[in-house]
Amino acid sequence: MELRKPFICSCVFLSVMVFAQVANGFYLPGSYMITYSNKSPIFAKVNSLTSIETELPFSYYSLPYCPPVGGIKKSAENLGELLMGDQIDNSPYRFQMNVNETVYLCTTSPLNEHEVKLLKQRTRDLYQVNMILDNLPVMRFTTQNGVKIQWTGFPVGYTPPDGGADYIINHLKFTVLVHEYEGSGVEIVGTGEESLGVFSESDKKKASGYEIVGFQVVPCSIKYDPEVMVKHKMYDTLSPIGCPAELDKYQVIREQERISFTYEVEFVKSDIRWPSRWDAYLKMEGSRVHWFSILNSLMVISFLAGIVFVIFLRTVRRDLTRYEELDKETQAQMNEELSGWKLVVGDVFREPCCSKLLCVMVGDGVQILGMAGVTIVFAALGFMSPASRGMLLTGMILLYLILGIAAGYASVRLWKTIKGTAEGWRSVSWSAACFFPGIAFVILTVLNFILWSSNSTGAIPISLYFKLFFLWFCISVPLTLIGGFIGTKAQPIEFPVRTNQIPREIPARKYPSWLLVLGAGTLPFGTLFIELFFILSSIWLGRFYYVFGFLLVVLLLLIIVCAEVSVVLTYMHLCVEDWQWWWKAFFASGSVALYVFLYSINYLVFDLQSLSGPVSATLYLGYSLLMAIAIMFSTGTIGFLMSFYFVHYLFSSVKID
């Protein structure tokens, strides 16, 4: 999975300012339009090398590629990019707007044993070079079984089916799609990558420029004569070069070989407009299946949940109506004769075991659920553009930090309700601030040592560890304590019935109640498993995921189903005189996390068959475990809170002396 990135933090003070200036133009969240004039220089950038076989990203310049003039310079990266393992550097690939040319870059020194071993390993592990032009990833097209498939990036090298020699990709044929822009009030300011098309009311002259709306590549391997090529200088123009079809004309990877790198670029005018340039990347494979499957899941789950909820409401209402129609003496006699939820009146609000842990987990669940909900809503509204790499993860982290106040409030108020006093609220608040981040820290540290040992760019630098700790300690912890303090001032929820001093014995059951609790997670899992497939494919197969509207609907449906399932299970336990419902209500819906983790293992075995090596499998399982724990906290919180309010309402309706 991909995780990592820098940011600047100020202690306990976050300010977010969004300024929108509108003239004769438009703005797409997460990106700005850049307008180029003819012959304006355009520079491509390179991201980390990635592979769906290892999931270990590496720096582009870890391989013997041509360095750029002036040395390697890292681009400013945000927190999300660092955590995802992105390392964006400048590159020697330089184009001129609307100038078609074939260019020489460099010839390497003779390859040594280490470089050959590294190139062969990266080639056989199917590593891809990820290049970026005007914030667009490079795209290539291949045909498999007569079907045209698009990929982002291009391979480091090529290994024939017979598994013989390995060949390096050393010639790239770029096609840059451009859209000519014409309009009044447009002033082209500067040239190159940092130039912006600035819309000016003062300039009424009609100006024209070009926007980059597509970036495609055809990779080739060509064997050059190094003695001839070294006579050229970087960026010398060459005659057009064709990609050979015979293997003996490919550039083989072996010791003492000198590899020459070249590229050619062709600019093609396109009718694609700038706001639509990401459409080609966001097309999801099997879109009809995706839409039909999601809609089918929504209908089936909604129908089943509706039936369960209607039956449940009628049953409870009948019980309450029959019970309240009786006078007190008859009720007392009825209590002697009948079994069911009415007999646990004196025990139903008895303090559960490990009540502090329950409060902490509910508080953390509120925090995680709030983070996920707000993030998905903003993404569904279009504020999480894929053009802004790392923005989604950065937003999630900042939201998590800010929502510490919700975690503190929820955990302390529940603690005060259970205990009847706010004493010990500081300990509860500190535990809520540290519990889930502590779990995440342990898992990520173990995985980070694995990444460090592999020299992967996916490893979190030590400096970033300190920055994350600083953000957590200076923002999340104080806000959690503030939320806890607010929780002490809130009125505790009064229990409608008194608790007996002596606990009532729970009747023996034929089957353990935990079997029913674990089985309850299958219904919530049914609402999200299809969407989970697309999310896992997005993370591990390098595909873009941008159907956040569907994800928002699935989230809302998941909340409803978790609430219903937990309430029904709680009612069933009370009906068999099992008053220990607190933790069972939490895990009735939280058990969906178990099925999510099992599905992740299934996905690893059957859909990630290309994933190779114990290191890659360990990384996958580690990140999947962290995801499952977060899902357990959030879904368990939904079920517990709904069950708590249901039990409170149920026993508030019963006449008790």
Side-chain angles (χ1 to χ4, degrees), residues 9-16 348-374 377 397-438 470-499 559 563 566 570 581-583 585-586 590 630 633-653:
C9 64
S10 303
C11 243
V12 197
F13 185 71
L14 278 180
S15 56
V16 180
V348 70
F349 291 108
R350 188 178 301 280
E351 180 182 344
C353 65
C354 305
S355 57
K356 180 180 177 181
L357 178 61
L358 178 64
C359 295
V360 168
M361 292 177 70
V362 168
D364 283 350
V366 169
Q367 187 176 11
I368 295 169
L369 183 63
M371 173 201 69
V374 175
V377 167
I397 292 174
L398 292 179
L399 280 170
Y400 181 82
L401 296 173
I402 295 170
L403 288 171
I405 192 168
Y409 176 83
S411 56
V412 169
R413 189 166 186 209
L414 181 59
W415 171 259
K416 187 177 178 181
T417 298
I418 293 175
K419 291 289 187 179
T421 175
E423 185 179 353
W425 72 270
R426 292 180 182 85
S427 174
V428 174
S429 297
W430 269 102
S431 299
C434 300
F435 190 58
F436 179 75
F470 189 63
L471 273 181
W472 168 77
F473 188 76
C474 292
I475 297 177
S476 185
V477 171
L479 286 177
T480 307
L481 292 173
I482 291 172
F485 178 75
I486 297 173
T488 63
K489 302 302 180 184
Q491 286 293 326
I493 302 172
E494 297 291 339
F495 294 145
V497 293
R498 292 191 300 269
T499 300
I559 291 173
S566 187
T570 299
W581 60 271
W582 303 74
W583 281 107
F586 185 93
F633 277 39
S634 53
T635 55
T637 296
I638 296 167
F640 171 79
L641 292 178
M642 282 303 301
S643 291
F644 180 85
Y645 284 110
F646 160 72
V647 172
H648 190 278
Y649 168 77
L650 182 63
F651 286 90
S652 297
S653 305

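Basis for what follows: all heavy atoms, side chains included, without hydrogens, waters or symmetry-related copies.
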Where [X] and [Y] come nearest, the two heavy atoms and their spacing:
{"X": "Ile418", "Y": "Pro352", "answer": "CG2-CD, 4.2 Å"}
{"X": "Ala410", "Y": "Gly363", "answer": "CB-CA, 4.2 Å"}
{"X": "Gly487", "Y": "Val412", "answer": "C-CG1, 4.0 Å"}
{"X": "Leu641", "Y": "Val366", "answer": "CD1-CG2, 4.4 Å"}
{"X": "Ile368", "Y": "Ala630", "answer": "CG2-O, 3.9 Å"}
{"X": "Thr480", "Y": "Ala432", "answer": "CG2-CB, 4.2 Å"}

Using 0.5 Å steps for rounding, measure from the [atom1] atom of [X] to the [atom2] atom of [Y].
{"X": "Gln367", "Y": "Thr637", "atom1": "CD", "atom2": "OG1", "answer": "10.5 Å"}
{"X": "Ser411", "Y": "Met361", "atom1": "OG", "atom2": "CE", "answer": "13.0 Å"}
{"X": "Cys359", "Y": "Asp364", "atom1": "SG", "atom2": "CG", "answer": "11.5 Å"}
{"X": "Leu471", "Y": "Leu401", "atom1": "CG", "atom2": "CG", "answer": "5.5 Å"}
{"X": "Ile559", "Y": "Ser634", "atom1": "CD1", "atom2": "OG", "answer": "9.0 Å"}
{"X": "Met371", "Y": "Ile397", "atom1": "CE", "atom2": "CD1", "answer": "9.0 Å"}

Checking the side chain of [X] only, and the main-chain atoms of [Y] only, is there a donor and an acceptor separated by less than 3.5 Å?
{"X": "Arg426", "Y": "Leu481", "value": "no"}
{"X": "Thr417", "Y": "Ile493", "value": "yes"}
{"X": "Ser566", "Y": "Gly639", "value": "yes"}
{"X": "Trp472", "Y": "Ala433", "value": "yes"}
{"X": "Thr570", "Y": "Ala585", "value": "no"}
{"X": "Trp425", "Y": "Trp415", "value": "no"}
{"X": "Lys416", "Y": "Thr488", "value": "yes"}

Give the intermediate values and the outcome of side chain to side chain contact (heavy atoms under 4.5 Å, CB included) for residues Leu398 and Ile475. CA-CA 9 Å; Leu398 292 179; Ile475 297 177; 5.8 Å; no
Should [X] and [Y] count as side-chain neighbours, where that means a heavy-atom distance under 4.5 Å?
{"X": "Ile405", "Y": "Ile486", "answer": "yes"}
{"X": "Val497", "Y": "Val348", "answer": "yes"}
{"X": "Leu357", "Y": "Phe435", "answer": "yes"}
{"X": "Trp430", "Y": "Val477", "answer": "yes"}
{"X": "Pro437", "Y": "Tyr400", "answer": "yes"}

Which of Phe586, Phe640, Phe646 passes side-chain contact (heavy atoms from CB on, under 4.5 Å) with Trp581? It is Phe640
Phe349 vs Phe644 aromatic rings, parallel, tilted or perpendicular, using cut-offs 30° and 60°? perpendicular
I would like to know whether Cys353 and Trp583 meet side chain to side chain contact (heavy atoms under 4.5 Å, CB included); could you show each step before the answer? CA-CA 9 Å; Cys353 65; Trp583 281 107; 4.1 Å; yes
Taking atom CD as the centre, does Glu351 end up with more than 12 heavy-atom neighbours from other residues, nucleotides or ligands that are less than 6.0 angstrom away? yes
Phe485 atom CZ, neighbour heavy-atom count above 12 within 6.0 Å: no
